[in-house]
**Student:** 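Encoded as C-alpha cells, here's the structure I'll be asking about.
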There are 2 protein chains.
Amino acid sequence: MTCDSSSTAATDEPRPADSRAEAFQEVRSARRNELAEDYVELIAELIHEHGEARPVAIAARMGVRAPTVTKALDRLAREGLITRERYRSVFLTEKGRALAHECRRRHEIVLRFLIRLGLDAETAERDAEGIEHHVSERTLALFEAYADQV
Amino acid sequence: MTCDSSSTAATDEPRPADSRAEAFQEVRSARRNELAEDYVELIAELIHEHGEARPVAIAARMGVRAPTVTKALDRLAREGLITRERYRSVFLTEKGRALAHECRRRHEIVLRFLIRLGLDAETAERDAEGIEHHVSERTLALFEAYADQV
DNA sequence: GTAAATTCTTAGCCAAGACTAACTTTTTTG
DNA sequence: CAAAAAAGTTAGTCTTGGCTAAGAATTTAC
Ligand SMILES: [Mn+2]
Ligand SMILES: [Mn+2]
Ligand SMILES: [Mn+2]
Ligand SMILES: [Mn+2]
C-alpha cells in the first residue's frame, strides 16, 4: 500500500544493488578474512617445520608484536580455527586445518603463476601474499592452467 | 663486544627482518591505502560522468551508508586528496587527481589482463577491485604486456 | 513561498588490528 | 635450585571503518 516507486527509498534490498557496489562489498568481505587466512596458513607451516607453533614465532613471521598475536589468536579461537592453552603453543582445529590447506593451495597457485609470468621470486612472494585473498575460484583456475602450461 | 649470537635479541632492526615478515608488512601497508585509492578513483569517475561527486552517489557506488562516506571524506581531506564544503559536492586536489589517475590505470590494466586471461567481465571486475591494490609496478608491467599481446 | 523530501552531518556505538608498558609464567643457565 | 632470560598475557591507547538514530541544511514540489 504505502510503498511505491519513491525513487531510491526502501524497496527490497537494504541498499541499492549497484553491481559496482557489490564488487566493493565483496572486497570488504574478503578483507575481513585475510588475517585469519594468513594466520592459519602460517601456523600450519610452523607446525610442519618445527613441530609446533609458538606465539613468538608467529609474531616474528608476521612482523608484529607479541600482544598483537595474543589478541589475534583469541579471535581465531573464538572462530573455532585453533585451540590453545595459556602459555602454550597453538593447535589447529579440523576447521583450521581445512582453511590452512585451502589457503596454502591458493598461495601456491598464485605464486607459481606470478613466477611463470616472469616475475622474480622476491616480488612474486610479496604480491602473492596480498593477491591470494582476492582471487575467485574461477581466476584461480585460470592461473593454475597458465602456470601448468607446457 | 657485548652483542653476539644471542639468538633473536635486539641487534639492529626493531623487529627481525624475516623476509616473510616484510611481505606481510607490505600487505598491511597496501591495505592502509586501499580505501583512499578506491574513493579517489570513484570520485574521479563520478565527476567525469555527472560533472560532480555527491556524497550520496559515492555511498551508493561504494555500497556503504552516508555517515561512512562523511567520515571517509574527512580523512581524505585531512590527507590532502580532496577539498570540500559542508553540504556540497567533493573535489579532487592536484594530489588526489594524480592518485586517481594512477589508480584508474592500475585498475584498467588488471581488468584487461584478467579478461585477456579468459575471465568473464563480471568476475574480472570483482577480482580486479581487490587485486589492483596488491600488484607491484613490476607485476603490472607483466600484466600489461600479456594483455597487449597480439 | 512553504511543506515535504532528500541529502548531509553529528553523535555515539562497536569490532578489528596495531601499539607500549607492565606483569606473570615458563624456560634456561650457572 | 635460584637467578636471569625469554615468552606470554593483560591492561590500556589509538585509528580505521563500519553502523544507527537523530537533527540540520538544501533541494524539490506543490
Ligand atoms: Mn596473505
Ligand atoms: Mn599466504
Ligand atoms: Mn579497489
Ligand atoms: Mn578500482
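Lettering of chains follows the sequences in order, A, B, ..., and the numbering in each one begins at 1. Every value quoted in this text rests on a predicted model; they were computed, and no experiment measured them.
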**Student:** Who passes side-chain hydrogen bond (donor to acceptor under 3.5 Å, both in side chains) against B/Gln149, sequence neighbours left out?
**Tutor:** none
**Student:** Between A/Asp38 (CG) and C/dA18 (P), how many Å, whole number?
**Tutor:** 10 Å
**Student:** If you check every side-chain atom of B/Thr70, which of D/dT26, C/dC8, C/dA18 has the closest atom?
**Tutor:** C/dC8
**Student:** Please state how far atom CZ in B/Arg31 lies from atom P in C/dG17, giving the value in whole angstrom units.
**Tutor:** 8 Å
**Student:** Given A/Ile58, which partner from the list A/Val64, A/Val69, A/Thr68 fulfils the side chain to side chain contact (heavy atoms under 4.5 Å, CB included) test?
**Tutor:** A/Val69
**Student:** Among residues at least two apart in sequence or on other chains, which ones pass side-chain hydrogen bond (donor to acceptor under 3.5 Å, both in side chains) with A/His134?
**Tutor:** A/Glu34
**Student:** Which pairs pass ring pair (Phe, Tyr, Trp, His ring centres under 6.0 Å) with one or both residues in residues 34-55 of chain A, sequence neighbours excluded?
**Tutor:** none
**Student:** Rounded to the nearest Å, what distance is computed from the CG atom of residue B/Asp74 to the C1' atom of nucleotide C/dT9?
**Tutor:** 9 Å
**Student:** Which atom pair, heavy atoms only, marks the closest approach of B/Gly80 to B/Thr93?
**Tutor:** O-OG1, 2.7 Å
**Student:** So, is B/Arg28 near the phosphate of C/dG17, with a side-chain N or O under 4.0 Å from OP1 or OP2?
**Tutor:** no
**Student:** Could you pull out all residues at least two apart from B/Tyr87 that satisfy ring pair (Phe, Tyr, Trp, His ring centres under 6.0 Å)?
**Tutor:** none
**Student:** In residues 76-86 of chain A, which residues come under 4.0 Å of DNA chain C by heavy atom?
**Tutor:** A/Arg78
**Student:** What integer distance in Å separates A/Lys71:NZ from D/dT13:P?
**Tutor:** 12 Å
**Student:** Kindly write out the residues that satisfy side-chain hydrogen bond (donor to acceptor under 3.5 Å, both in side chains) with A/Glu37, not counting sequence neighbours, or none if the list is empty.
**Tutor:** A/Arg106, A/His133
**Student:** Rounded off to whole Å, could you give me the CG-to-P distance for the A/Leu35 and D/dT16 pair?
**Tutor:** 18 Å
**Student:** Just grab all the ring pair (Phe, Tyr, Trp, His ring centres under 6.0 Å) pairs involving residues 63-85 of chain B, residues at least two apart or on different chains.
**Tutor:** none
**Student:** Rounded to whole Å, how long is the line connecting atom CG of B/Leu46 with atom P of C/dT7?
**Tutor:** 14 Å
**Student:** Rounded to the nearest angstrom, tell me the gap between atom CG in A/Leu73 and atom P in D/dT9.
**Tutor:** 7 Å
**Student:** Near DNA chain D, under 4.0 Å by heavy atom, which residues of residues 50-58 of chain A?
**Tutor:** A/Arg54, A/Pro55, A/Val56
**Student:** Who are the side-chain hydrogen bond (donor to acceptor under 3.5 Å, both in side chains) partners of A/Thr70, not counting sequence neighbours?
**Tutor:** none
**Student:** Collect all protein-nucleotide pairs involving nucleotides 20-23 of chain D in which both atoms are nitrogen or oxygen and the distance is under 3.5 Å.
**Tutor:**
from   : atom 1 : to      : atom 2 : distance (Å)
D/dT20 : OP2    : B/Arg65 : NE     : 3.4

**Student:** Does D/dT27 have OP1 or OP2 under 4.0 Å away from a side-chain N or O of B/Arg88?
**Tutor:** yes
**Student:** How many whole angstroms separate atom CZ of A/Arg32 from atom C1' of D/dC19?
**Tutor:** 12 Å
**Student:** If you look only at pairs with a residue in residues 75-88 of chain A, which of them pass as a salt bridge (Lys or Arg N to Asp or Glu O under 4.0 Å), with sequence neighbours excluded?
**Tutor:** A/Asp74-A/Arg84
**Student:** So which pairs with a foot in residues 137-150 of chain B pass salt bridge (Lys or Arg N to Asp or Glu O under 4.0 Å), sequence neighbours left out?
**Tutor:** A/Asp120-B/Arg138, B/Arg105-B/Glu137, B/Arg112-B/Asp148
**Student:** Is the shortest side-chain N to carboxylate O distance from B/Arg104 to B/Glu41 below 4.0 Å?
**Tutor:** no
**Student:** Counting heavy atoms from C-beta on, name the nucleotide in C/dT26, C/dG17, D/dG17 closest to the side chain of B/Arg75.
**Tutor:** D/dG17
